[in-house]
Every structure is written in C-alpha cells, then in structure tokens.
There are 2 protein chains.
Amino acid sequence: MTDTTQEHIVKSFDTELQRLTGEIVAMGESATRQLEAALQALEQRDSAAAERIAADDDSIDERERRISHDVLRLLALRQPFARDLRAVLAALRIASDIERIGDYAANIAKRSITLNRVAPIPLVGGLAPLARMAARLVRDALKAYSTQDAELARAVWGRDADLDILYVTLFRELLTYMMEDARSITAGAHLLFIAKDIERIGDHATNVAENVWFVVRGEPLSEPRAKMHTTDPL
Amino acid sequence: MTDTTQEHIVKSFDTELQRLTGEIVAMGESATRQLEAALQALEQRDSAAAERIAADDDSIDERERRISHDVLRLLALRQPFARDLRAVLAALRIASDIERIGDYAANIAKRSITLNRVAPIPLVGGLAPLARMAARLVRDALKAYSTQDAELARAVWGRDADLDILYVTLFRELLTYMMEDARSITAGAHLLFIAKDIERIGDHATNVAENVWFVVRGEPLSEPRAKMHTTDPL
C-alpha cells in the first residue's frame with residue numbers, strides 16, 4: 001500500500017466517523033425534544049400530541065439501526081485500532097443509549113394517555129423540574145460527545161446524583177399523596193413510573209458521559225457505575 | 001492471498017464466533033439464575049442473599065464488556081460481510097440485552113432489601129409465576145441463539161404476549177390491594193416496580209429472539225416491536 005493510499009483511508013475514516021458522530025448527536029437532540037414534548041403533553045393532558053410522540057419513536061429506532069449498521073461497516077472496512085477502535089465502540093453504545101432515551105420518552109407519552117382517563121392529580125407538576133434536569137444532562141452529555149470534552153463528561157457524570165436526589169424527593173411525595181387519598185393511587189402509580197423513567201434517562205446520559213471519557217482518556221471514568229443505581233426509598 | 005490463507009481466516013472467524021456465542025449463552029444463563037435467585041431472596045426476605053446477587057451483577061457487566069471488545073476485534077480483523085456481519089451485530093446486541101437482564105435482576109434484589117424493612121404483604125407470591133415465565137422465555141431465546149433456530153425464536157417472540165397478560169393482571173391486583181389498605185402502599189409500589197422489571201426482562205428475551213431471526217433469515221422478524229410496548233392498564 002502506498003503512503004498516499006494509507007493517508008486516503010485514514011482521512012476517510014475520520015470523515016466518516018465525524019459524519020456518524022453528527023448523526024448520533026442529531027438523534028440525541030430528537031430524543032431530548034421527545035422527552036420535553038412528552039412532559040408537555042402530560043401537563044396539558046393532550047392525548048393527541050402524546051399519540052404523535054409515541055409514534056415518532058419509530059424514526060429514532062430506525063436511525064439507531066442505520067447508524068449502527070454504518071458504524072459496523074466502517075469498522076469492518078477500516079480496521080481501526082487504539083483510540084479509533086474506542087471511538088467506534090463508543091459510537092455504538094451512545095447510539096444505543098439515545099435509542100433507550102427515546103423509548104423512555106415514548107413510554108411517558110403512552111402513560112400520559114392512560115392518565116388522561118382519570119381525574120388529574122396535582123403532583124404531576126413535580127415531574128417537570130425532574131424532566132428539565134434530565135434534558136439538560138442529556139444535552140450536556142451530547143455536547144461533551146460532539147466536542148470530545150472529557151471534563152464536561154465528568155461533570156455530567158457527577159450531576160446525575162442531583163437528579164437522583166430530586167427523584168427520591170418526588171417518589172416520597174407521591175407515596176404520601178397516595179396514602180392520604182386512595183382515589184389517587186392509580187394515577188399516583190403511573191406518575192411513579194414516569195418519574196422512574198425520567199431518572200433512568202439521567203442514567204443513560206451518565207452512560208454517554210462515561211463513553212466520552214473512555215474515548216478521550218483511554219480508561220474508564222471510574223469503577224463502572226451501575227445503570228440503575230438508585231434504590232427507591234421507603 | 002492464497003486459497004489456503006483465505007480458508008484459514010474463514011475458519012478462524014467461524015471458530016471465534018462460535019466461542020463468543022458460547023460465552024454469550026453462558027452469560028445469559030448466569031443472568032437467568034440471577035433473576036431466579038433474586039425472586040427467591042424476595043420471597044424468603046433474605047437480605048444477605050439479595051446483597052450478594054446485587055454485587056454479582058458486576059461480573060456480568062464485566063463479561064459483557066469483554067465480549068463486546070472481542071466481537072469488535074473480530075470484526076476489525078476479519079472484515080465479515082452478509083450473514084457473518086449480521087452475526088457480529090447480533091452478538092453485540094444480544095450481549096447488551098443480557099447485560100440489561102442482569103441489571104433488572106440486580107434491581108429486584110436491591111428492592112427486596114428495601115422491602116424487608118416493612119411488613120410483608122401477601123401479593124409478593126404473585127411475582128414468582130411471572131418471574132418463572134420470564135426465565136423460561138430467556139432460556140428459550142438463548143437456546144434459539146445457540147442452535148440458530150429461527151422458528152424457536154419466533155415462538156419466543158410470540159410468547160412474550162402471555163407474559164404481558166400476566167403482568168397486567170398482577171398490576172391490577174396490586175393496585176386494588178393498595179386501595180384497600182393504605183399501609184400496603186409503600187410495599188405495593190415497590191412490588192409494582194419489580195413486576196415491571198420482570199416484564200421488561202421478557203422484552204429483552206424478545207429482542208434476543210428478533211436478533212436470532214435476523215441472523216438466520218436476513219430480514220426483520222416483523223415490524224420492529226417497541227421495547228416497552230406494554231402500556232400499563234388503569
């Protein structure tokens with residue numbers, strides 16, 4: 001192989017990886033908007049909007065499949081190693097985490113349709129701050145990914161603890177409310193599940209951050225953090 | 001490249017893929033046993049066993065990372081295409097699904113520790129049949145994977161609907177119980193989450209089945225089934 005050919009291949013690997021990173025970040029932005037739209041549909045009791053959000057998840061799933069396929073083709077054709085191999089592995093994992101975030105947003109939308117069949121309960125308002133915090137975590141994780149910013153990734157990783165604290169507070173409030181008024185139990189149970197879904201979106205933002213750190217630094221961020229590390233309180 | 005070298009590479013690809021499939025199936029068996037052990041710890045209110053189960057999840061996570069790394073190395077070195085490329089993609093996805101099943105089992109174990117701090121509620125017995133059905137689905141999905149049996153994979157895919165029906169029944173029973181006795185609300189909420197975790201294990205068994213079909217038949221099993229398709233009832 002001549003030097004020029006080698007250089008050409010290296011260049012196209014970088015170009016193609018950059019394109020794929022751009023697609024993954026765009027997919028992440030779509031998933032984050034799905035989360036925000038799902039919360040809005042929940043608060044406004046808008047079942048028609050919720051139906052659309054749930055249906056739109058298919059396009060995120062389809063994008064994830066296409067990106068994974070392209071990433072694997074790139075890997076098969078280019079035989080990268082060291083940082084390039086880590087970048088390919090991270091792209092696959094990050095795309096998968098974003099696909100899960102989209103699933104959770106769709107789940108929230110579907111559950112809001114169920115909730116619209118019963119009387120509203122006031123605590124639904126407590127979910128918006130949790131969702132906003134989760135959306136910020138996802139956006140910052142995506143920013144760390146697109147700019148390969150390991151320090152920002154570490155900050156995102158640390159901030160997930162704040163989301164967990166807010167989740168635990170909300171969990172307790174919901175249980176208290178359910179104990180005080182048995183008629184709120186069904187709606188309350190669905191809100192517990194929605195809160196949990198949002199908390200898990202934060203875990204996936206954390207996963208993205210861990211992958212960014214791994215690509216840039218070549219070592220794990222720390223001991224692998226369990227994906228579902230928040231034990232719900234009594 | 002001589003014919004002999006080509007043949008050698010082809011042979012080592014198959015051998016290595018077979019080895020990886022074996023590792024993935026063994027990992028799947030570990031995750032299934034974790035689920036069974038978590039249910040036993042829950043029923044027997046054995047917090048010490050639950051702690052061990054939660055801790056053991058790290059070894060499943062570590063195996064998944066090692067397998068993914070080996071799969072990607074194989075892909076980078078051997079440049080497979082067509083069915084071989086599908087098999088590599090499926091191996092990555094199936095390993096990831098099994099890792100999630102292990103996470104859910106660990107979650108159940110952690111939640112059982114929380115439950116042991118409050119008075120027992122009788123409905124905990126309803127979870128065992130759900131978990132047994134989920135464990136059977138996972139084992140059959142793994143069998144379909146190790147034997148590349150597309151028809152068994154399709155059967156597993158269809159049987160997930162039975163698990164969903166059982167889940168919905170249990171969900172309703174738990175809510176009714178919580179409405180009748182406010183003191184059961186905290187424990188009931190945790191049992192709802194455990195039931196949901198088991199239902200999601202079924203979804204991951206379904207994912208494994210879809211991947212087996214895709215490898216063997218070269219086309220999707222059907223329209224991609226949403227990973228979290230069960231909308232909880234009112």
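Residue numbers start from 1 in every chain, and the chains themselves are labelled A, B, ... in the order their sequence lines are given, proteins ahead of strands.
Shown here are the side chain to side chain donor-acceptor pair (under 3.5 Å) partners of A:R66, two or more places apart in sequence or in another chain: A:E23.
Salt bridge absent: A:R100 and B:D203 never bring a charged side-chain N and a carboxylate O closer than 4.0 Å.
Once rounded to the nearest 0.5 Å, the distance linking CG of A:L85 with NE2 of B:H69 reads 6.0 Å. To the nearest 0.5 Å, the span separating CG on B:D197 from NZ on A:K196 amounts to 8.0 Å. Going from atom CG of A:L89 over to atom CG of B:L72 covers 5.0 Å, rounded to the nearest 0.5 Å.
Closest non-hydrogen pair, A:I185 versus B:M178, comes out as CD1-O, 3.3 Å.
Contact annotation for B:R183: neither backbone nor side-chain heavy atoms come within less than 4.5 Å of a heavy atom of chain A.
Counting heavy atoms from C-beta outward, A:L92 and B:L92 have side chains that approach closer than 4.5 Å.
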